[in-house]
Number of protein chains: 4
Amino acid sequence: MNQQQTSGGEDDRVRQRRRQITTAAVQLFSERGYFQTTVQEIADAAGVSAGLIYQYFDDKEDLLLLAILDVLDSYTNEIPQAVEGIADPLDRCRAAFRAYCHVVDSRQAATILAYRSTKSLPRQHRDLIKNAERQTNRIIGGYIDACIEAGLFRNVDSEIATYQLVMYAHAWALKHWQLAPRLDLDGYINQGLDFFLHAMLTEAGWRHLQRDETV
Amino acid sequence: MNQQQTSGGEDDRVRQRRRQITTAAVQLFSERGYFQTTVQEIADAAGVSAGLIYQYFDDKEDLLLLAILDVLDSYTNEIPQAVEGIADPLDRCRAAFRAYCHVVDSRQAATILAYRSTKSLPRQHRDLIKNAERQTNRIIGGYIDACIEAGLFRNVDSEIATYQLVMYAHAWALKHWQLAPRLDLDGYINQGLDFFLHAMLTEAGWRHLQRDETV
Amino acid sequence: MNQQQTSGGEDDRVRQRRRQITTAAVQLFSERGYFQTTVQEIADAAGVSAGLIYQYFDDKEDLLLLAILDVLDSYTNEIPQAVEGIADPLDRCRAAFRAYCHVVDSRQAATILAYRSTKSLPRQHRDLIKNAERQTNRIIGGYIDACIEAGLFRNVDSEIATYQLVMYAHAWALKHWQLAPRLDLDGYINQGLDFFLHAMLTEAGWRHLQRDETV
Amino acid sequence: MNQQQTSGGEDDRVRQRRRQITTAAVQLFSERGYFQTTVQEIADAAGVSAGLIYQYFDDKEDLLLLAILDVLDSYTNEIPQAVEGIADPLDRCRAAFRAYCHVVDSRQAATILAYRSTKSLPRQHRDLIKNAERQTNRIIGGYIDACIEAGLFRNVDSEIATYQLVMYAHAWALKHWQLAPRLDLDGYINQGLDFFLHAMLTEAGWRHLQRDETV
DNA sequence: TATGAATGAGAGTTCATTCAT
DNA sequence: GATGAATGAACTCTCATTCAT
């Protein structure tokens, strides 16, 4: 990644420029795909010259990397926010799942971007993306673990379970053309919750859930 | 799509050539991606000249379309084969799931191809791919429906359930880098079966399952 | 040019094939131009395979040469035919001019072909075309000379005069888009005759002409 | 046609580049023909890279169009210049004819270009060329009309007469291989004048001409 | 004699990247 | 810092020509 020697106050201008360009890149890469988007188009969308991009990014690939990481970051940020203040582990799990699905829904094209374009990057950059993904997954995994420890979930492999949840959320973007005609987002989320709870809840978990709903 | 006028015996040569080229295309598109693969490379891999490809395919895009359809066809063909002769609906469902996961495992790169590259095609071609996908899904859906009708599965939305199964199988390819270090294919399949059965089986279903295993 | 060793009766088949292909070539080269016409298209139009063309012609250029010569031959043949039996030199001249204009009218595209494509040929082939052209011109030139010798035309340079007549006729094809909206062929011919007669007739010529019209 | 956004002073650089490339294109297209000339060759001749051409022209066809129009413009510009200050309509007519022949002589290959290559363009572009041609013709036509109105020329169709003059001039390029061995340019021009004056002058015209020469 | 599958050189065009201003 | 004109490598696709059948 391009390293700018930033001396003090310059830092903000640099960050601002990077954001401006990254935002345009996410938008265009998501819509049209990495290879069908030209650097010139990104420059136009960002309102800068093509040449300037090369002062903030090494090359087009670097731009892709940053664009994908930007999207993954938004997951890592928005999900914990959504469950903030929810103490009950089961509620927290459900809220996190809902939040994930909502983020995917609002950034469908960007979600697909990682699936389409990650493989276009060199191994080293791919690893950065995988780590960012793992980070989000670990958050979800933590919520599941809490439920298991509380005896609400069966003792499933929480990492595999996390992938189930994550893939279910991603499927809303990946297979939207197939799912959208049949359900709206809330229907999709409820189906998912029904499924996952049946798959994972223990007897104690069911009682906890019912009390929850009684209250 | 390119239409060759094929009169009788010529048909075989044409099919053979198309297969030869498509196989190379699936291989290379899967490995390197659509845009990073040149037509020349496909020609070399297929052992033909670059020009000849244009006698069997309209253009590079056509080649991509046929490559993706080829992969999807292998799903549609191999899964019914794997459950042939299995009468019990629950057994059939489990066998189909296993088969799906095995096909994905054996054609990982090709499975990813559809996710990466479908969007690079024009709408009309995308629709052909979607239909091929629907066709496979309908097969799986039929197996699930049979279990529901037999009272073995809860009355879930079988289409959504199908997507769950399919995405789980696809995840083995899409997130292989993440999953493979933790499990082998059989472990992954068993985790999945455990999960899905818990999510869907009725009381009757559980009894059926246990009798099954006793026998 | 391709030399076929023709043994006796084979000769006809060969000539027939050549004619078949040349006719298609004239047609297509005239309509679309030399470079925009593919050998395959000519083969299709002639109802033979592309490969066969190379048994009767050296290459595509050869085909062009023969096509142009074919058109020029039709001039050399048709004009003398049209004046056959006309003894009066002035009448013969006028009839020849009319005939030339009519041939051009009926083969407009082919007439343009020589203008468009001759330069695409190597010098040696160009010379063959020039000679064919000279041959036709010499015929016209002869008619003019006869009028001069008879004292009906001024003693103009008959070769230049010939070019005037020829270019006037060719202009009907070359500038058809411009001329056709203003005149029909006969109007164009009459304008031309009026022009040329005024330019060339002597006093004696005028009297000859009037006597002609009186009779 | 390619539209460059030109703001003020940039305009000159753009015009200069376009001229540089157009000049090379006229040269090469004229010498070798449109299809035998590669964009790379034009770039080399113009001293720029092949890619740059596509920043000033849409495609090779656009380049052809501009090249032809450039030649036609030189007619429209140079002929009126040559007759500037000549008040007598007959003298003006003769000077214009001389000028036309001289321009054709100095740009022989370019003159042929329009005949060879116009048909390679799409209808819309062909129309632009036709209009440019009409414009030049209208200038000549005006000079002839003036002679008719002054009673110096017979009341001929001035448009057809214009074509006669124009074709005669063009023939110097189109049939140069045939004409040049017999006459030089001045001889050709004089022959033409002799011819046209005989064809068109009235009695009054002849007297005007003689007085002219007496003076 | 006739076919048409196969070749492969070569063309137009795009676009990431650089660098003088 | 910022521009955008300029580069040139690389790619897709076409088509004249050959040759096994």
Side-chain angles (χ1 to χ4, degrees), chain A residues 4 10 13-14 17 34-44 47-64, chain B residues 4-5 7 10 13-14 16-17 35-44 46-63, chain C residues 4 10 13-14 17 34-44 47-64, chain D residues 4-5 7 10 13-14 16-17 35-44 46-63:
Chain A
Q4 288 254 346
E10 306 276 353
R13 203 210 311 246
V14 170
R17 277 278 191 236
Y34 174 63
F35 291 101
Q36 280 116 318
T37 302
T38 68
V39 172
Q40 185 62 59
E41 283 168 344
I42 294 170
D44 291 345
V48 301
S49 71
L52 191 64
I53 290 183
Y54 288 84
Q55 296 199 348
Y56 294 95
F57 300 88
D58 288 340
D59 50 23
K60 199 187 172 191
E61 246 178 26
D62 193 27
L63 208 43
L64 173 60
Chain B
Q4 288 253 347
Q5 66 262 33
S7 63
E10 308 276 344
R13 201 212 308 260
V14 170
Q16 149 67 11
R17 275 280 188 240
F35 291 102
Q36 278 117 318
T37 302
T38 69
V39 172
Q40 185 62 59
E41 284 168 344
I42 293 170
D44 291 346
V48 300
S49 69
L52 191 65
I53 290 184
Y54 290 88
Q55 293 198 1
Y56 294 94
F57 301 88
D58 287 339
D59 50 22
K60 199 187 173 192
E61 243 179 30
D62 193 29
L63 207 43
Chain C
Q4 288 252 347
E10 307 274 355
R13 202 210 309 248
V14 170
R17 277 277 190 238
Y34 175 63
F35 290 100
Q36 280 117 319
T37 302
T38 68
V39 172
Q40 185 63 58
E41 282 168 344
I42 293 170
D44 291 346
V48 300
S49 71
L52 192 65
I53 289 183
Y54 288 85
Q55 296 197 350
Y56 294 94
F57 299 88
D58 287 340
D59 50 23
K60 198 187 174 191
E61 247 178 26
D62 193 26
L63 209 41
L64 173 60
Chain D
Q4 288 253 349
Q5 66 261 35
S7 63
E10 308 276 344
R13 202 212 308 259
V14 171
Q16 148 68 10
R17 275 279 187 240
F35 291 102
Q36 279 117 319
T37 303
T38 69
V39 172
Q40 185 61 59
E41 283 167 344
I42 293 170
D44 291 346
V48 299
S49 69
L52 191 65
I53 290 184
Y54 290 87
Q55 293 199 359
Y56 293 94
F57 300 89
D58 287 339
D59 49 24
K60 199 188 172 190
E61 244 178 30
D62 193 28
L63 206 42

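So you know, we letter chains A, B, ... as the sequences are listed, proteins then strands, and number each from 1.
- Evaluation of atom-type donor-acceptor distances gives no pair under 3.5 Å for the side chain of D:Gln40 against the base of E:dA11.
- To the nearest angstrom, P of E:dA5 lies 6 Å from OH of B:Tyr56.
- Pairing for E:dG8 is with F:dC15, a Watson-Crick or G-U wobble pair whose two hydrogen-bonding atom distances lie under 3.5 Å.
- Taking atom NZ of B:Lys60 as the reference point, atom C1' of F:dC11 lies 8 Å away to the nearest angstrom.
- A 3.5 Å limit on both hydrogen-bonding distances identifies E:dT21 as the Watson-Crick or G-U partner of F:dA2.
- Between B:Arg13 and E:dG4 there is no side-chain polar atom (N or O) within less than 4.0 angstrom of OP1 or OP2.
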Assess the residue pair B:Gln55 and B:Leu52 against the criterion (side-chain contact (heavy atoms from CB on, under 4.5 Å)); give the C-alpha distance rounded to whole Å, side-chain angles, the decisive distance to 0.1 Å, and a yes or no. CA-CA 5 Å; B:Gln55 293 198 1; B:Leu52 191 65; 4.0 Å; yes

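- Both D:Thr38 and A:Gln36 lie near DNA chain E, and the one whose nearest nucleotide falls closer to the 5' end is D:Thr38.
- The residue among A:Val48 and D:Val48 whose nearest nucleotide of DNA chain F lies closer to the 5′ end is A:Val48.
- Judged by closest nucleotide on DNA chain F, A:Gly47 is the one of B:Glu41 and A:Gly47 placed further toward the 5' end.
- Put simply, CZ on B:Phe35 is 15 Å from P on E:dT14, counting in whole angstrom units.
- Residue B:Gln55 contributes atom CD, which lies 11 Å from atom P of F:dT14 at whole-angstrom precision.
- Look at CD1 on A:Ile53: it is 15 Å from P on E:dC15, rounded to the nearest Å.
- Here the closest heavy-atom approach between residue A:Val39 and residue A:Tyr54 is recorded as CG2-OH, 3.7 Å.
- In this structure, the nucleotide among E:dA16, E:dT13, F:dA6 sitting nearest to the side chain of D:Tyr54 is E:dT13.
- Following rounding to the nearest Å, B:Glu61 (CD) and F:dC11 (C1') show an atom-to-atom distance of 15 Å.
- Two residues, B:Gly51 and D:Leu52, neighbour DNA chain E, and the one matched to the more 5' nucleotide by heavy-atom proximity is B:Gly51.
- Heavy atoms only, all atoms of each residue included: C:Phe57 and C:Asp62 are closest at CA-OD2, 3.5 Å.
- The CZ-C1' distance, from C:Phe57 to F:dT18, rounds to 18 Å in whole Å.
- Taking every heavy atom of both residues into account, A:Lys60 and A:Thr37 meet most closely at NZ-O, 2.8 Å.
- Nearest heavy atoms, C:Gln36 versus C:Glu41: O-OE1, 3.7 Å.
- Across the protein-nucleic acid pair, A:Asp44 atom CG and F:dG4 atom P stand 10 Å apart, rounded to whole Å.
- The side chain of A:Arg17 contributes no N or O atom lying less than 4.0 Å from OP1 or OP2 of F:dG1.
- Side chain of A:Val39, nearest nucleotide from E:dT17, F:dT17, F:dG8: E:dT17.
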